[in-house]
Amino acid sequence: MAATRLDFGRSAPKAFRALIAFDAAAREGVDPALVELIQIRSSHLNHCAYCLHMHTNDARKAGESEDRLHMVAVWREARHFFTEREQAALALTDAMTLVADAGVPDDVYAQAAARFDERELAQILALICTINTWNRVALSTGKVAGTDER
């Protein structure tokens, strides 16, 4: 098992605490099940095994079904597992996580804006930003899946 390259929290404590605070603020008022779906999807797309392991376990503990957890990676082909709101959030997660590919298309944004009020949409945007940041920190510092250090 590879060693962690850098202890980000110890080496940059102010940045780490700021990210924790941003993450906590982003979650406020968002359905916890949706929070986990967004974090799982972004972690899939970023190939972040550390975060994927952590968030699938968190989702299970919160009562998420194995069927839905298995379908997050292929949600477009398994839409019937997810509500319209969840589909809109997952599509926005895809676009924002892969933003360099095509930006955030107007139709993806419009779909999310039609299903969430402005406050909810802003929270979801912030949440997608935070999980993408956590994925990048975990990947850059060599975090190992299965070693949840919270």
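For the side chain to side chain donor-acceptor pair (under 3.5 Å) condition, no pair includes a residue of residues 102-113, sequence neighbours left out.
With sequence neighbours excluded, no residue forms a ring-ring contact (aromatic ring centres under 6.0 Å, His included) with F22. Here R60 pairs with E66 under the salt bridge (charged side-chain N to carboxylate O under 4.0 Å, His left out) rule; sequence neighbours left out. With sequence neighbours excluded, no residue forms a side-chain hydrogen bond (donor to acceptor under 3.5 Å, both in side chains) with R119. For R85, the salt bridge (charged side-chain N to carboxylate O under 4.0 Å, His left out) partners two or more places apart in sequence, or in a different chain, are E120. Scanning for salt bridge (charged side-chain N to carboxylate O under 4.0 Å, His left out) contacts around D94 gives R41, R76, with sequence neighbours left out.
Between P105 and G103, the closest heavy-atom pair is CD-O, 3.4 Å. When all heavy atoms of H55 and S43 are compared, the closest pair comes out as CD2-OG, 4.5 Å. Closest non-hydrogen pair, T56 versus L69, comes out as O-CD1, 4.0 Å. Across all their heavy atoms, A78 and M71 have their closest contact at CB-SD, 3.6 Å. When every heavy atom of H70 is checked against every heavy atom of V74, the shortest pair comes out as O-CG2, 4.5 Å. The two residues L127 and A26 have their closest heavy-atom pair at N-CB, 3.5 Å.
A heavy-atom distance below 4.5 Å is found between the side chains of F82 and V72. Between L139 and H47 the shortest side-chain heavy-atom distance does not fall below 4.5 Å. Annotation: side chain of L92 is in contact with side chain of L125 (closest heavy-atom distance under 4.5 Å). Using a 4.5 Å heavy-atom threshold, the side chains of I20 and D23 count as separate. Residues L34 and F116 have side chains in contact (heavy-atom distance under 4.5 Å, counting atoms from C-beta outward). At a threshold of 4.5 Å between non-hydrogen side-chain atoms, the residues I131 and N46 do not count as touching. The shortest side-chain heavy-atom distance between S140 and R5 does not fall under the 4.5 Å cut-off.
Side chain of S42 to backbone of I38: no donor-acceptor contact under 3.5 angstrom is found.
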*Does the pair E86 and R68 meet the rule for a side chain to side chain contact (heavy atoms under 4.5 Å, CB included), with working shown?*
CA-CA 11 Å; E86 289 168 339; R68 282 173 36 102; 2.9 Å; yes
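Taking OG of S65 as the start and CZ of F81 as the end, the distance is 7.5 Å to the nearest 0.5 Å. One finds the CG atom of L98 at 5.0 Å from the CG atom of L45 (value rounded to the nearest 0.5 Å). Atom OG1 in T147 sits 8.0 Å away from atom CE in M54 (nearest 0.5 Å). Taking CZ of F16 as the reference point, atom OG of S11 lies at 11.0 Å (rounded to 0.5 Å). To the nearest 0.5 angstrom, W134 atom CH2 is 9.0 Å from K143 atom NZ. Note that CG of N57 and CD of E36 are 10.0 Å apart. Values are rounded to the nearest 0.5 Å.
No chain of hydrophobic side-chain contacts below 4.5 Å, direct or via other Ile, Leu, Val, Met, Phe, Trp or Tyr residues, connects V108 to L90. Placement of W75 and I40 within a single hydrophobic cluster is found when ILVMFWY residues are connected by side-chain heavy-atom separations under 4.5 Å, directly or transitively. Note: the hydrophobic cluster containing L52 does not contain V144 (ILVMFWY, side chain heavy atoms under 4.5 Å, direct or indirect links). By the rule that hydrophobic residues join a cluster once side-chain heavy atoms approach within less than 4.5 Å of another member, Y50 and V137 end up as members of separate clusters.
In E77, the CD atom is crowded: over 12 heavy atoms of neighbouring residues, nucleotides or ligands sit closer than 6.0 Å.
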